[in-house]
Amino acid sequence: MQETLGLALAIAGAALAAILGGIGSAIGIGYAAQAANGVLSEDPDKFGKLLILVALPGTQGIYGFIGAFLVLIKIGIFGELIQLTFYQGLQLFFAAMPVAIACLVSAIWQGRVCTAGVEMVAKRPEESTKALIYGVMVEFYAVLGLIISLLAILLMKI
Amino acid sequence: MAIIPLEKIHIIVHKNIKDKFLKDLQKEHIVHITELKDTQTSASEELNIVNNALSHLAGYRKRGVLEMFLTMKTPVDYESFEKTNKEYDYQRVTGKIQHIRQTIENNRSSLKKLQDDIEILHPWTPMDISFEELHSMQKASAIAASVPSRDLLEELLKKVQDIPFSYQEINEIGSTVYLLFFVANEHIDIIRSRLVEAECTLIEFYDLKGKPTDIIRQHKEEIARLEQNTIELKEQESSLAREIATLELISDYIANQHNKKRVAESLPETNRTVNIIGWIQKKHLKRLENLVARVEFAVFETIAPEPDEKPPVALQNPGWTKPYEMLIKLYSMPDVKEYDPTPFLAVFFPIMFGLCITDAIYGIILILFSIYLLRKVTGDRSLMWILLGGGICTIFAGAMVGSWAGNMFELIGLKPLVQLRHTFMLFDPLTSPLAFIGVALGLGFIHMMIGIVIEIVDSIKNQAYETAIFANLTWLIFLPGILLYFIVFSNSMIAKAILEILLWLSIVGIITGSYTEIKVKSIDRLVWAVIVLLGWIKLTEVVGTFFQFTYVIQIPGYVYLSIIPLLILEIIRFKHSKAMLGKIAWGFYNLYGSSTYLSVILSYVRLMALGLVTGVIGMAINTIAWMIIKIPVIGIVFAILILIGGHLFNIAVNVLGGFIHTMRLQYIEFFGRFYTGGSKSFRPFGFETKYVNLE
């Protein structure tokens, strides 16, 4: 019983990392894409420039996915399933949390920054890179969350 | 690799030859004109017409995927630029386009009206008399109305019992009943108002003639004709799409003519002359001399800039670092007194970009892609050169961590491939992520140190020696010193002793000297330096005992006693020494600032995360593909599709992320050490084009 519970907890951690990162990115991209569509209705030529800004909050979803994928590799889901104790499962669950939660929040805020960036590019397309830099500042904290999750997952002894 | 020296010049031109001179000057493209008056030059009507025509034609332009992200400028030489403008009658084309647009617009509004009419008429089709007949009655009138439901109709009929009228039911659609009321003219107003009260809609058929069915038929024919006409017009318009390239050239030409006119109008003038004040590169002075010599009534001289004037800045770098100027321009041009950091970008940008991607196969793909772009794109190709440099570094970074399109080589399992991967691999980031973090942070440390060195060079160049030594050199010694002391030489007593002295000196330097705004006499400075030095050593010794830490160099206790006379001296000289206290307080604040150095270095850890992300996504793609390949027959097709699509997606996402994150590291972490920037870019008066590339 305890063994299976451990496995379930680890998978729950992986699932949450993928889900929360995905939710964050979906919301973030949603904000930016709506603004970008508005701009495109005026000037379709800005598509290329805006695409990058709109895609930026998408990375958190990927980070969440990576966290999830590493947990799945760790528990051997692609090969021989490892028997986890309850506590090992709990450890993996918590290890996945930094990336899951940091990605959720940072993607949403990055989406807002990128939305403002889209509005700026509408007026001053030559300054689009500066808008990107501000967006990346928000992303860094998702990266930090990812790093901690990576270290916790990879260096954990099972 | 530096900032190009500029000369300020003053050209005086007689008004009569102003236009001709400006034309030549524009062609030469060497003088950056400053001091233009604020004049309101109206927008160019011609330019609007051409650009309007271009925006109408934009929909017909065939654009590749590449053009969605990059503007491709057509190369053109100056002669044909002028010649095309002279020979090409753009008004013929723009006139045509305008006409077509106007007609399409008219068609559209006619169509709308016709469709509205049909909609209104539709319920009345059972009516078998024409509208002329309806309106031809002498003493009576017909009122057309719709009643929302049959119940309401019954009620209505009761309400109007007192008025003589007759009615005819024409149609019933849903619950709505359509009726014609016939009333004597004297009762017409009262029945109208009763009808409105009873929630009926009165319908007027203003200018319609004939029976409803006939009108609808005619309208439908007309609609078909108009639609056909619109299609033909659009075809005509699309055939004009071949004029796009020429129109773009004309648009550029007119825009530059207009710019010349704007400059001509805003130059400061005297009665007979105009003054052109601006900047020129020293090496171009000869060309300007020739230009002035060619015309009769013009002279020029070099003049001294105003004391606090900031000249525009132009950068000059050898070929291999030139593309990276783009990154500087994007941020802000350096101050004239500053060092141009382009060469450092040229070294560190590709390395960090490579670490963000860290996959040898992806590096090869990036190189191929950038070579393809370099062959294809004309005009400014800086970005592609940067991508090429980044691609090369990506191969090395990828080989270092053994990532070849993720874990592709291990999955294929061919011996030479596995061998190849193994030969170059330094560590596996999945089993030893800390090694990767070490590489990232180490690179960050070196980057930061170089930033401090540049600031020292800048300060020395500007004779700010105090800043150079106390606010920068001290850190340059202190930060690596700490590392060496605790990590590298932790077992060598002699090295530790030397380092201790260096660390003490740098700390005292930071505390007593790093705040340079307050000026103090050297004697106070020296005395306080000794006090701080001894105080610091004692303090750290006391704190160190909690951590089992002792200095190699032991200072005898009586030396500390010398603080007392020194302090007394300073209390006596309090008038002079109190300034020093402020300086020391700021110095401690700066010392506390060392925490920013820590966060700056930690910021480079992103390189590791991004690099690992690429590898893991690559692995995920491979894992999925290798699962699918087991499905018989179609498995292999899907697997190949997933591999190609997945890896290309992975490259695209990570190149984007890698580029921006690397850029941030340059702008915030690196430039933060030394860069002021804020200069205007040197932009000589010449041709600025949007569509063509003037050669």
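The analysis underlying the following values was restricted to heavy atoms, covering all of them including side chains, and did not include hydrogens, waters or symmetry mates. Lettering of chains follows the sequences in order, A, B, ..., and the numbering in each one begins at 1.
Looking at B:S432, neither its backbone nor its side chain comes within 4.5 Å of chain A, counting heavy atoms on both sides. At a 4.5 Å heavy-atom cutoff, the contact between B:Y667 and chain A is made by side-chain atoms alone. Residue B:M619 touches chain A through both its backbone and its side chain, counting heavy-atom pairs closer than 4.5 Å. Using a 4.5 Å cut-off between heavy atoms, B:I437 contacts chain A through its side chain alone, with no backbone atom that close. The part of B:V653 that comes within reach of chain A is its side chain, from C-beta onward, which places non-hydrogen atoms under 4.5 angstrom from that chain.
Within a 6.0 Å sphere centred on OH of A:Y134, heavy atoms belonging to other residues, nucleotides or ligands number 12 at most. Atom OH of B:Y372 is surrounded by 12 or fewer heavy atoms from other residues, nucleotides or ligands within 6.0 Å. Other residues, nucleotides and ligands place no more than 12 heavy atoms under 6.0 Å from the OH atom of A:Y141.
Interatomic distance, CG of B:L612 versus CD1 of A:I147, reported as 9.5 Å (0.5 Å rounding). Here the CG-CG distance, from B:L656 to A:L51, works out to 8.5 Å after rounding to the nearest 0.5 Å. Between the CD atom in A:E139 and the CZ atom in B:R606 there is a gap of 8.5 Å [rounded to 0.5 Å]. In this structure, OG in B:S603 is found 9.0 Å from CE in A:M137, a value given to the nearest 0.5 Å. Interatomic distance, CG of B:L610 versus OH of A:Y63, reported as 4.5 Å (0.5 Å rounding).
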task = Please report the C-alpha distance between A:V136 and B:M663 in whole Å, then the side-chain angles of each, then the deciding distance to 0.1 Å, and finally whether the side chain to side chain contact (heavy atoms under 4.5 Å, CB included) criterion is met.
result = CA-CA 10 Å; A:V136 159; B:M663 209 139 75; over 6 Å; no
key: Residue pair A:F69, B:T623: steps toward the side chain to side chain contact (heavy atoms under 4.5 Å, CB included) verdict   = CA-CA 11 Å; A:F69 190 76; B:T623 311; 3.7 Å; yes
task = Verify side chain to side chain contact (heavy atoms under 4.5 Å, CB included) between B:F649 and A:I62, making sure each step is shown before the conclusion.
result = CA-CA 12 Å; B:F649 166 80; A:I62 296 174; 4.3 Å; yes
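With chain B as partner, the option from A:L146, A:V143, A:I153, A:I133 having the largest number of non-hydrogen pairs under 4.5 angstrom is A:I133. Residue with the most contacts toward chain A among B:N654, B:V613, B:I668, B:V605: B:V613 (heavy-atom pairs, distance under 4.5 Å). Here A:L155 is the residue among A:L56, A:L144, A:L155, A:L72 with the most heavy-atom pairs under 4.5 Å with chain B. Between chain A and the residues B:I617, B:T431, B:L602, the largest count of heavy-atom pairs under 4.5 Å involves B:I617.
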